Amino acid sequence: MNRRQFILAGLGTPAITLHPGSPINFITDPATSLILPGATPRTRPRTSRMRWAQLAFVENDPKHFDPDFWLDYFRRIHADGALLSAGGVVAFYPTNVPHHHRSDWLGNSDPVGEMIKGCRKMNMSVVLRTDPHATRQDMFDAHPDYISVTADGKPRRHWANPDLWVTCAYGPYNLVFMTDVHREIMQRYQPDGIFSNRWAGHGICYCRHCTENFKKATGLDLPRSERRLDPAYQKWEAWRKDRLRDVWFTWDGEIRKQRASARFIPNGFPDKLETGKFADFFFADQQARRGVIPPWSNAMGAKELRAGLGMKPIVNIFSVGVEEEYRWKDSVQNDAEIRIWVAEGVANGMRPCFVKFGAYIYDKRWMKAVEKMYQAYLRNETYLKNTAPLARIGLVYSEQTSQKYGGKPWQEKSNEHALGVYQALVEEHLPFEMVNDKLLDRDHLKPFRLLILPNIAALSDSQCRQLRDFVNAGGSLLATFETSLYDEEGQPRNDFGLTDLFGVSVDRTNAPGTTAPVHHSPRHHSPGHHIPRRHSPGHKCRPGRRPHAQLLPPHKNRPPRRERPGRRLQDHQLRIQGKGQTQLGLPFSRHPDPHLSRPPDGRRLPQAGRDRHPRALPQRARPRPQHRAPRPQSRKRPRRLHTRATSTAVSGRC
Ligand SMILES: [Zn+2]
């Protein structure tokens, strides 16, 4: 008789359920859903779940909550994982932790336990959600030091609900109180993990714990401003990351103590490299788009996480509600919007997880759409599991550049360079992956033949060396604007860190507003092939070197599929060719794409080159289609999504 049989025999089988097929081998009493002693948990997290369902309870849900309705829906959509709200601001179970506020509508009920019981009958994984960002008056009275403090020394009221206080994320509220909450949740329900929402604080907190701890760590007083490039603020950011890592590890350690295979899953951590290193699986809270954000932004988030997490499972939390500035969580997106958003995530390896805020439903229209999607994902599950990208193009992103580079107006939105290249690659149907700039070693770059560095301005000497190694091993690089002109601390260099690789140096002789020649082959050289120098320091070829890029005039070497009616051809193509026949045709526009950036009233934006520079290329006449409907009036200028007019350097063995 083994341990499991012994336990079953000793306790009487009729009342006990041994979870069939469960990788965690725990035993629960179906009446109470409590874990019985003697379970032998596995130490590996449960990672095979493909279709998730999230119910984010609101305070009055226990009053009119119908668990059967939801369990039936979970069954119909073949959900195999559930993410359920349990505690934090509000406890949806009969908690015994002091000052852990039970829902005012809880009474004697236990919505969490009831749902877990139903989910486990269907062999679903269960992850429970906590939200520690706010608390009530009784906590304030008992532990005033748990409350976040503003710069003027006042305890911080909640921005949306004045009955609540915002908590300090970096001190004992998280490290002591929330650890107690997580311990209790684990002991009662033994979920596969705990996911915390809004756990990472809201800006600088000036409470006594933060003041003392920051001083002890850095010798400094807390910064008074949140200017990104302020050295004191950057020190605080680094300290905050250390504190959040402590919180993560404290909670994760306590959770594993209660069940070895369970994990803490943070909703975001301010470093994707560490996220990939420490997380065994991850929930990406990328609910929906707003404004003119393209649907592929969900894919971009997936690719950025995958760069660090590799093949570890990433679950995509998507919303069925509208995610505009004023989010009414009972509103509903239309089917097409939900489908395209989720498809972008699934196509990039994420596992879908719908989230419904509030368990009482006013509008059920989204349910059929999600049901159809999930059923299709079930039918095609074989093709969605254990997949690896085959892309040979890597688009580098750099949190280091986002944090350390800038200061001048044109440098502030450095991420727009990546957005432009991303859009260009999508338009050209070129498969690509995102590459974390901290993972430029040989193993991580092995799949790639071409790396694109869209204004990856802040690069250390070591990173530059890794890029050199990549090129020496046969890889190609395409870099734009001020790539490598700054070091890892954002300090400017005298010349590009990669100057030897590209064969170009900074050209500081021309003032901004003049034009600079793009590096191209002599075949296409003409005085017209100039890119307006807007703010770039400019590039000049080093003696005896010729970069390996071709700026092609319109209509040359264009694939036929681009010629279809109604589709505007880009002005130019920047073509590069690397070793191994890697070929990339990037649409290279000197001005914003009018399809994406024309103001709603139809007037033409000032165009770099034509409006400012006498030597600019003439723009091709393009009649505007007559059938186009008038665009809605808006005073907001739409966000530009285009390849920036920048100087570009290419290197590689071509
Ligand atoms: Zn604090």
Side-chain angles (χ1 to χ4, degrees), residues 87-91 97-101 129-183 194-255 264-271 274-275 278 285 403:
V89 185
V90 181
V97 176
H99 308 296
H100 190 203
H101 170 77
R129 173 187 187 266
T130 58
D131 188 330
H133 85 286
T135 191
R136 282 175 169 67
Q137 188 64 39
D138 60 324
M139 179 72 90
F140 181 99
D141 296 337
H143 298 283
D145 59 317
Y146 283 9
I147 309 302
S148 182
V149 173
T150 56
D152 56 5
K154 292 185 180 147
R156 189 173 175 190
R157 286 272 183 197
H158 196 275
W159 50 87
N161 183 347
D163 291 338
L164 297 179
W165 295 98
V166 178
T167 56
C168 170
Y170 321 113
Y173 174 82
N174 266 353
L175 287 164
V176 178
F177 171 75
M178 282 307 298
T179 305
D180 291 345
V181 170
H182 288 157
R183 184 186 306 111
I194 291 180
F195 166 85
S196 275
N197 189 49
R198 289 185 175 179
W199 69 289
H202 298 83
I204 301 172
C205 168
Y206 296 88
C207 77
R208 77 176 159 84
H209 298 292
C210 287
T211 308
E212 285 166 16
N213 290 330
F214 184 70
K215 184 90 176 179
K216 206 155 78 181
T218 64
L220 300 171
D221 292 329
L222 285 164
R224 308 308 290 181
S225 86
E226 299 195 12
R227 286 196 307 275
R228 184 173 58 88
L229 296 176
D230 181 342
Y233 180 73
Q234 291 188 346
K235 280 235 161 47
W236 179 83
E237 277 282 21
W239 172 83
R240 169 179 177 255
K241 195 165 82 175
D242 292 343
R243 297 297 294 178
L244 290 178
R245 197 188 302 107
D246 286 349
V247 173
W248 178 349
F249 289 179
T250 301
W251 290 349
D252 192 58
E254 188 58 43
I255 288 166
F264 171 68
I265 306 132
N267 187 0
F269 181 74
D271 186 324
E274 294 194 19
T275 300
F278 300 126
D285 191 7
Q403 288 158 9

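Start at 1 and go down the list; that is how both ligands and their atoms are numbered. Sequential numbering from 1 along the given sequence is applied to the chain's residues. Just so you know, these numbers come straight off a predicted model, no measurement behind them.
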**Study point:** Stacked cation flag Arg157 on Trp165, 6.0 angstrom / 45 deg
**Key:** yes

Check your understanding: Can Lys215 and Glu212 be counted as an ion pair, charged N to O under 4.0 angstrom?
Key -> no

Review point. Just checking, is any N or O donor in the side chain of Thr167 or His133 under 3.5 Å from an acceptor N or O on the other one?
Key: no

Study note, to complete from the structure: Between the NE2 atom in His99 and the NE2 atom in His143, the distance rounded to the nearest 0.5 Å is 5.0 Å

Review point. Should Arg208 and Asp145 count as an ion pair when the cut-off is N to O under 4.0 Å?
Key: yes

Exercise for review: Using a cut-off of 2.8 Å, count how many protein N, O or S atoms are strictly closer to the Zn ion (ligand 1).
Suggested key: 4

Exercise for review: Go through the structure and list residues passing side-chain hydrogen bond (donor to acceptor under 3.5 Å, both in side chains) with Arg243, not counting sequence neighbours.
Suggested key: none

